[in-house]
Number of protein chains: 2
Amino acid sequence: MKVTIYDVAEKAGVSIATVSKVINSTGNMRQATRERVLSVMEELNYYPSMMASALTGKKTETLGLLVPDISNPFFSEIARTIEDRAHEKGLSVIMCSTDESLEKEKKYLELLRRKQVDGFIIASSFNDKNLLKGIKSASIPLVMLTQEAGMAGVTSVAVDDFSGGYDAANHLLELGHQKIALINENRLSSKMRVYGFREAYESHGYTFTDDMVITTNASLANGKKVLQTIINNGNLPSAIFACNDLLAIGVLQGARERGINIPEDLSLMGFDNTILATTSVPGLTTIAQPIEEMGKKVVDVIIDSINNKYSGSERILYNPELMQRDTTRVLSEERV
Amino acid sequence: MKVTIYDVAEKAGVSIATVSKVINSTGNMRQATRERVLSVMEELNYYPSMMASALTGKKTETLGLLVPDISNPFFSEIARTIEDRAHEKGLSVIMCSTDESLEKEKKYLELLRRKQVDGFIIASSFNDKNLLKGIKSASIPLVMLTQEAGMAGVTSVAVDDFSGGYDAANHLLELGHQKIALINENRLSSKMRVYGFREAYESHGYTFTDDMVITTNASLANGKKVLQTIINNGNLPSAIFACNDLLAIGVLQGARERGINIPEDLSLMGFDNTILATTSVPGLTTIAQPIEEMGKKVVDVIIDSINNKYSGSERILYNPELMQRDTTRVLSEERV
DNA sequence: ACAAAATAGTTAAGCGCTTTCTTTAATTAT
DNA sequence: ATAATTAAAGAAAGCGCTTAACTATTTTGT
């Protein structure tokens, strides 16, 4: 049978209250007593149940993390830094991949509420804001990662997507590109990148039109597919800006398969600076997010709000950084 | 305040026992009563606490997953399939990256025990078998993934590493390579790959020596580093077999930086067939593991053993598959 | 040496559920 | 219409812990 606090108390010849005190290092007691209890705990292989203690008003020491897809390198990389930081602070994390699907978001949110997680870190879109409102009004700590909540009173940590997009456009524009296609995801952060791009683009005096952008979900396959679409549309652009590395690499693969040379025939940019950008050939020019910093920050914020040391509602924005590698280059004369 | 079963009971004008019954769809009751309770639950935004119910002998519906590193694509990919399967069956999963460190393994194991996870899926090495024994003797369900427990009574699901290594060797040997370096990790599964390799190598009449293999941890950086070491040792081999894709890609990067052409100057193989193998250029020849199947299987096994429908102790082995891409080629005459 | 103050340890209620028994109400049979 | 049977709902104990309030034991002061 499972060994409980009663077993320990009995064997150590004390009350369960005393055992509880040694577990939590609270209250006063003789050193000898403490040691005796400790050794009995050891001897019996006793693991205090966090369920039981959570039930008595303590925390569950568990965080819920909702990401679109943990197998997407960007999210697995940030999940790793979150996990590390959380563990450092004594919390575990339950991860859920939502695929940005409303049903899954709803289901997982409910599940995690029932599990009484101490707080949520949310990197999934949550287009149904009511879901978020529900947890907000139950005053369960909540921090958005990678995007804003789209409602008051929720803090978020993210890169400055707009300026990342802006930088991307500038880079391409400086290289002489003007006919550019964008690949976008249907989430706010991606759209911000496109807006930023647009801003820079127009400030160079060009006209941005919506048909320059194609929206799809993040995956290698979709990257390829979109490239195909772009090709089919005829009128190949001289550069493509994908709103994340996964899509960009998909384009890269597709290009290779069709004999389109990158960057000779086509310049390509991604966003995120995941492992994929560093391992591809040519190396992917991309906009880096400070993944580690963001991961740490987001757990620090959630922990502070769990402990009521934080009740703000900020937008914490990090600066993106252009990582210039080898998929972009000056537009050669003959293509102008 | 948090809404509890009492609030619901009171508002619905029934006892908490009745509410409990509707929550769990047990016992008999009038349809009208059930509906009334249900609607009150809805109205009050009631989320039954799983902590409380777990305390009364039910399950926590939570699995503990220990992997070396969730940001390693192999593990994030398999974690995704595990997560999906688990959710399908109503369980959540807490993920922990151990970095194969003894302290972390110990810490996380203890933590998860305290959280009363229903079972463990372990893909980390656990060189200290006592840790595993502890959970085994507490009769907490446990399945090894990617490797064996190294003790009786524990079932494991993995690829047949030995035969994967064997296949890798054969492939290289058939291409005429004979001077081959291996990059190994310090975990049993990797060593099995090397043993398999060795077996094939020797069966071709060659002599395998231990100085052909260099051991390191899985990371891009280490792949590069090892390549450097190999170069420094002089006497460059004509092929390298890395025991996982991450290391192989590291080698690929390193090679590129030093102007070593792959596969012209050096053939290269990985293991796992992660996204990295498909996106690299040239595409990495590697040994594929059936990630999805394995992920599903491992949760099915753990669930069955949680429900006492399974108490076996099998080694469930999947067949690896050679994915021939472009980093390996026939050893050219002049290099023989 | 004795009261006052501080320290050590205990009692018991309560956290939010589940579940076994009981009791009460509704059906069916006679 | 009434007893026998079955269905519906409730009472209460218990899960493993925390904690406030309390009692017993020491220690300190004078």
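Just so we're on the same page: letters track the sequence lines, and every chain starts at 1.
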Spacing of [X] atom [atom1] relative to [N] atom [atom2], expressed in whole Å:
{"X": "A:Gln31", "N": "C:dT7", "atom1": "CD", "atom2": "P", "answer": "15 Å"}
{"X": "A:Met29", "N": "D:dT18", "atom1": "CE", "atom2": "P", "answer": "12 Å"}
{"X": "B:Ile5", "N": "D:dA11", "atom1": "CD1", "atom2": "C1'", "answer": "14 Å"}
{"X": "A:Arg34", "N": "C:dG9", "atom1": "CZ", "atom2": "C1'", "answer": "12 Å"}
{"X": "B:Asp7", "N": "C:dC15", "atom1": "CG", "atom2": "P", "answer": "11 Å"}
{"X": "B:Met50", "N": "C:dT18", "atom1": "CE", "atom2": "C1'", "answer": "14 Å"}
{"X": "B:Glu35", "N": "D:dA8", "atom1": "CD", "atom2": "P", "answer": "13 Å"}
{"X": "A:Asn24", "N": "C:dG9", "atom1": "CG", "atom2": "C1'", "answer": "16 Å"}

Inset, instruction - Compare the minimum distances between each of C:dC17, D:dG10, C:dG16 and the side chain of B:Ala17, then state the nucleotide with the smallest one. - result: D:dG10
Legend entry - Residue B:Ile16, side-chain atoms from C-beta onward, closest of C:dC17, D:dT18, D:dG16: C:dC17
Legend entry - Flag side-chain contact, heavy atom, 4.5 Å: A:Met294 against A:Ile78: yes
Legend entry - Minimum side-chain heavy-atom gap A:Arg36-A:Val14 below 4.5 Å: yes
Legend entry - Donor-acceptor pair present, A:Tyr6 side chain and D:dC15 base, under 3.5 Å: no
Inset, instruction - Look at the side chain of A:Lys58 and the base of D:dT19, then say whether one donor and one acceptor between them are separated by less than 3.5 Å. - result: no
Legend entry - Toward the 5' end of DNA chain C, by each residue's nearest nucleotide, B:Val3 or A:Gly13: A:Gly13
Legend entry - B:Thr18 vs A:Arg36, nearer the 5' end of DNA chain C by closest nucleotide: A:Arg36
Legend entry - From CD1 (B:Ile306) to CG (B:Leu91), nearest 0.5 Å: 6.0 Å
Legend entry - Interatomic spacing from CG in A:Asn130 to CD1 in A:Ile135 - rounded to 0.5 Å: 13.0 Å
Counting any heavy atom closer than 4.0 Å, what does [X] reach on the DNA or RNA strands: base, sugar-phosphate only, or nothing?
{"X": "A:Val14", "value": "sugar-phosphate"}
{"X": "A:Lys21", "value": "base"}
{"X": "A:Ser20", "value": "base"}

Would you indicate, yes or no, if [N] has its OP1 or OP2 atom less than 4.0 angstrom from a side-chain nitrogen or oxygen of [X]?
{"X": "A:Arg30", "N": "C:dG9", "result": "yes"}
{"X": "A:Thr4", "N": "D:dG16", "result": "no"}
{"X": "B:Tyr47", "N": "C:dC17", "result": "no"}
{"X": "A:Ser49", "N": "D:dC17", "result": "no"}
{"X": "B:Thr33", "N": "D:dA9", "result": "yes"}

Legend entry - Any donor-acceptor pair under 3.5 Å from B:Arg114 side chain to A:Pro48 backbone: yes
Legend entry - Stepwise side-chain hydrogen bond (donor to acceptor under 3.5 Å, both in side chains) check, B:Thr62 with A:Lys115: CA-CA 9 Å; B:Thr62 307; A:Lys115 294 207 167 160; 3.0 Å; yes
